[in-house]
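Whatever order the structure lists ligands and atoms in, that order sets their numbers, starting from 1. All values below were derived from every heavy atom in this structure, side-chain atoms included, with hydrogens, water molecules and symmetry-related copies excluded. It should be emphasised that the depicted structure is a prediction, and the values quoted were computed from it without experimental measurement.
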Amino acid sequence: MRDSRFLKFAGLLWAVMMVFGWSGALSSASAAPFTVGPKKCQECHTDEAKVLSGTKHFTSLKTVHKDKRAKKIVKAIGDKRMKKSATCKMCHYTEAQKKPGAKRKIVAGPSCESCHGPASDWITIHNDYGKGVKRATETAAHKTERLQKAEAAGMVRPSKMFDVASNCMSCHGLAASGLDEKTAATMLDNGHPLNPDFELVEYSQGTVRHRFYPPDVTANKEMTAAEKSELYVVGQAAAFVSASAAVKKSSHEKYVAAQKKRIATATAALEAVKGSVPAAGALLADPSIANGRALADAVKGKDLSGAVGGMLPSKYK
Ligand code: HEC
Ligand code: HEC
Ligand code: HEC
Ligand code: HEC
């Protein structure tokens, strides 16, 4: 465990040095991307913020720490309060920061940047049409470059649905890379939920749905059956990658059983589409992030309802 974490850290440091050179490595390490909080996003994204405020992600800030189970779980892992516990903060809260190096403060439950990535380095890039230019007059080349820059700065765009879904799976699958085996086991033994049936369509098309796309940006659009089938497959791909990694890091009975159930459900979905989408077969053979992304690209715009329509939920959370 410790070794693999060190390797990850060393890899990251190496990447930073490749980009900034030796001299910049230390200063840029302290300027790692940070979370700015949903109030910043709300300044422009009022509709999305309104949707967020109607979700359990939003309301849980005021409720979850008062739950009887919460107090028991925090104690069991050796922490005092949920809002002070680094473990709980990983998934339950958004900690915002005003500027690099400033103090982090809990400002929300899971929120915009939990799914779209910490925004300090992309918030002023992703919407910058250029001086004097408006959305309607921006050139296609400028738009491509702008969005590429935003992604390079850590933005998880809706078009990269595998990555968005992987963020959901990391929290909802109790599979966050920072969560060690022992802590996860203690959480489960003390009543922390782990729902192996968390499925992307069911959980994203109810309270969480925000799809204010042009031409009518005031309408929160429902997905078509074809779009839902595509999303279902991408969600199962992300669950497959997440659970395949998680199952290896623990020997805790309940944890392993839940991850195996996630793998079984995802396997059925991937088996159902692999005839028409070879990338699904490649992912089944090797559950890597790269193969997950490749599958998401391969199904883009495809109507897979013939293959997985029967697996889609009829109600949404
Ligand atoms: C100053 C205004 C402004 C702020 C602040 C802002 N955005 Fe945006 N955002 C925009 C505009 C404008 C667009 C549309 C850009 C375009 O036309 O491609 C956009 C687009 C997006 C998109 C869709 C991008 C895509 O892939 O098409 C996401 C996701 C997003 N913003 C998230 C956020 C989040 C999260 C925050 C807060 C951390 C935030 N934005 C803060 C103005 C803003
Ligand atoms: C890896 C992510 C993750 C970590 C770490 C985590 N939780 Fe959770 N927690 C979740 C998710 C996701 C849910 C919702 C599960 C569901 O409803 O299926 C949840 C639900 C809960 C619930 C039930 C809330 C309800 O409304 O039913 C309690 C209580 C809780 N967590 C307490 C804690 C405490 C205390 C800690 C820190 C010791 C913690 N959690 C750490 C992801 C996490
Ligand atoms: C639970 C994860 C999650 C949270 C929280 C979240 N988003 Fe999203 N966001 C998504 C997903 C998934 C999509 C893709 C929707 C689609 O295309 O079906 C998306 C799409 C978008 C889009 C493009 C569609 C649109 O509505 O214009 C914008 C902009 C956006 N999000 C901004 C935000 C902002 C701002 C917040 C916070 C107020 C936020 N998101 C919170 C997951 C999330
Ligand atoms: C940073 C961690 C995190 C991420 C990322 C995340 N969630 Fe959650 N989500 C939670 C936690 C924690 C809860 C439980 C809150 C509580 O009960 O107090 C929750 C609850 C929910 C609920 C309410 C469930 C219910 O039974 O009422 C839905 C729906 C949901 N999440 C959907 C999603 C979707 C869809 C995504 C990805 C697009 C996502 N979440 C990403 C942490 C996260």
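- Atom 39 (C) of ligand 1 has its nearest heavy-atom neighbour, among H45, K143, R146, in H45.
- Of all the heavy atoms of H116, the ones lying under 4.0 Å from any atom of ligand 3 belong exclusively to the side chain.
- Although no hydrogens or angles enter the test, the distance criterion places a donor-acceptor pair under 3.5 Å between the side chain of H126 and the main chain of I123.
- L174 and Y93 end up in different hydrophobic clusters when Ile, Leu, Val, Met, Phe, Trp and Tyr side chains are linked at under 4.5 Å.
- At distances below 3.5 Å, not a single donor-acceptor pair connects side-chain atoms of K302 with backbone N or O atoms of S229.
- Contact between S114 and ligand 3 is absent, with no heavy atom of the residue lying under 4.0 Å from the ligand.
- Shown here, atom 14 (C) of ligand 4 is out of close reach of the protein: none of its heavy atoms lies under 4.0 Å off.
- At a 4.0 Å heavy-atom cut-off, ligand 1 touches A119 through the side chain alone.
- Ring planes of H172 and F198: parallel class, angle under 30° (limits at 30 and 60°).
- Counting only heavy atoms of the protein, atom 17 (O) of ligand 3 lies nearest to Y213 OH, 2.6 Å.
- Heavy-atom contacts from other residues, nucleotides or ligands closer than 6.0 Å to CG of L147 number more than 12.
- Contact annotation for E138 and ligand 1: no heavy atom of the residue comes within less than 4.0 Å of the ligand.
- Listed by number with element, the atoms of ligand 4 under 4.0 angstrom from any heavy atom of K317 are 26 (O), 29 (C).
- Ligand 3 lies nowhere less than 4.0 angstrom from a heavy atom belonging to P110.
- Given atom 37 (C) of ligand 3, the protein heavy atom at minimum distance is C112 SG, 1.8 Å.
- Within a 6.0 Å sphere centred on CD of E138, other residues, nucleotides and ligands contribute more than 12 heavy atoms.
- Distances below 4.0 Å separate heavy atoms of H92 from the following atoms of ligand 4: 12 (C).
- Taking every heavy atom of V64 and a limit of under 4.0 angstrom, the matching atoms of ligand 4 come to 18 (O).
- Contact annotation: C41 places no N, O or S atom under 2.8 Å from atom 8 (Fe) of ligand 1.
- For K300, the NZ atom counts as densely surrounded, since its 6.0 Å shell holds more than 12 non-hydrogen atoms of other residues, nucleotides or ligands.
- For atom 4 (C) of ligand 3, the choice among S159, C115, A165 with the nearest heavy atom turns out to be C115.
- For atom 27 (O) of ligand 3, the nearest non-hydrogen atom of the protein is E48 OE2, 3.0 Å.
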Practice task
Take M187 and L194 through the test side chain to side chain contact (heavy atoms under 4.5 Å, CB included) and record every step on the way to the result.
Solution key: CA-CA 10 Å; M187 282 166 54; L194 169 47; over 6 Å; no

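- Not a single heavy atom of Q42 sits closer than 4.0 Å to an atom of ligand 1.
- Proximity of W122 to ligand 1, defined as any heavy-atom pair under 4.0 Å, is confined to the side chain (atoms from C-beta onward).
- Although no hydrogens or angles enter the test, the distance criterion places a donor-acceptor pair under 3.5 Å between the side chain of N291 and the main chain of D286.
- Counted within 6.0 Å of NZ on K221, heavy atoms from surrounding residues, nucleotides or ligands total more than 12; the atom is thus considered enclosed.
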Exercise for the section: Please report the C-alpha distance between I73 and M82 in whole Å, then the side-chain angles of each, then the deciding distance to 0.1 Å, and finally whether the side chain to side chain contact (heavy atoms under 4.5 Å, CB included) criterion is met. Expected result: CA-CA 9 Å; I73 297 162; M82 199 167 167; over 6 Å; no

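- Of all protein heavy atoms, the one lying nearest to atom 1 (C) of ligand 1 is C44 SG, 2.6 Å.
- Ligand 3 does not have R209 within reach: every non-hydrogen atom of the residue lies 4.0 Å or more from it.
- By the neighbour-count criterion of 12 heavy atoms within 6.0 Å, atom NZ of K83 is densely surrounded, having more than that number from other residues, nucleotides or ligands.
- Metal site remark for atom 8 (Fe) of ligand 4: H172 contributes an N, O or S atom at a distance under 2.8 Å.
- Among the atoms of H210, an N, O or S atom is found under 2.8 Å from atom 8 (Fe) of ligand 3.
- Judged by the shortest distance from any of its heavy atoms, E43 lies outside the 4.0 Å radius around the atoms of ligand 1.
- Heavy atoms from other residues, nucleotides or ligands lying under 6.0 Å from NZ of K89 number more than 12.
- Within the 4.0 Å heavy-atom criterion, neither part of S204 lies near ligand 3.
- Atom 12 (C) of ligand 1 has as its closest protein heavy atom Y129 OH, 3.4 Å.
- Residue S60 has at least one heavy-atom neighbour below 4.0 Å for each of these atoms of ligand 4: 15 (C), 16 (C), 18 (O).
- For N220 (side chain) and R209 (main-chain N/O), a donor-acceptor pair under 3.5 Å exists by modelled atom type.
- Only side-chain heavy atoms of M155 come within less than 4.0 Å of ligand 1; its backbone N, CA, C and O stay farther off.
- For atom 43 (C) of ligand 1, the closest heavy atom belonging to the protein is N127 ND2, 3.1 Å.
- A 4.5 Å side-chain heavy-atom check between Q97 and S120 finds every atom pair outside the cut-off.
- Looking only at heavy atoms of the protein, atom 25 (C) of ligand 1 is closest to R157 NE, 3.4 Å.
- Of the listed residues (H126, K40, E113), the one carrying the non-hydrogen atom nearest atom 6 (C) of ligand 1 is H126.
- With ligand atoms numbered from 1 in the order given, ligand 4 contributes 1 (C), 2 (C), 3 (C), 4 (C), 5 (C), 42 (C), 43 (C) to contacts under 4.0 Å with heavy atoms of C171.
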Exercise for the section: Verify side chain to side chain contact (heavy atoms under 4.5 Å, CB included) between L61 and I106, making sure each step is shown before the conclusion. Expected result: CA-CA 9 Å; L61 174 69; I106 290 178; 3.8 Å; yes

Problem - Check against side chain to side chain contact (heavy atoms under 4.5 Å, CB included), F240 and L295 - result: CA-CA 12 Å; F240 189 64; L295 173 61; over 6 Å; no

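- Relative to atom 8 (Fe) of ligand 4, the option among K56, H57, M161 with the closest non-hydrogen atom is H57.
- Remark: ligand 3 and V164 share no N or O pair separated by less than 3.5 Å (distance only, no angle test).
- When each atom of ligand 1 is checked for a heavy atom of P158 under 4.0 Å away, the hits are 26 (O), 29 (C).
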